[in-house]
Amino acid sequence: MAIKKITAEQAKKLKGKTNWQEVDEITDEEIERAAKDDPDSALPTNEELDEFKPVKNKKEEK
């Protein structure tokens, strides 16, 4: 497949093909099961999650 370059303006006009209703219907359990079944997935442990720091919203800092 060839890569086609487009401008930012052209990209804004494109319509996505994502079925958002289907995405909204996926449960957290289904997402976690799929991630566990994916050999390329790197699910963080609870200990690793505890190390994460919240990201500050730059808009709120102003």
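Sequence positions, counted from 1, serve as the residue numbers for this chain. Excluded from the calculations below are hydrogen atoms, water molecules and symmetry mates; all remaining heavy atoms, backbone and side chain alike, are included.
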- Item | Heavy-atom side-chain proximity of Leu14 to Ile6 below 4.5 angstrom | yes
- Item | Atom pair CD (Glu51) and CD (Glu47), whose distance is rounded to the nearest 0.5 Å | 8.5 Å
- Mark yes when over 12 heavy atoms from residues, nucleotides or ligands other than Glu22 sit less than 6.0 Å from its CD; otherwise mark no. no
- Note on the structure: Between Glu25 and Glu30 the two heavy atoms that sit nearest each other are O-OE1, 4.0 Å
- All heavy atoms of Ser41 vs all of Ala35, minimum pair found to be CB-O, 3.0 Å
- Message: Within a 6.0 Å radius of atom CD on Gln21, are there more than 12 heavy atoms belonging to other residues, nucleotides or ligands?
- Response: no
- Item | Cationic N near anionic O, under 4.0 Å, Glu32 to Lys36 | yes
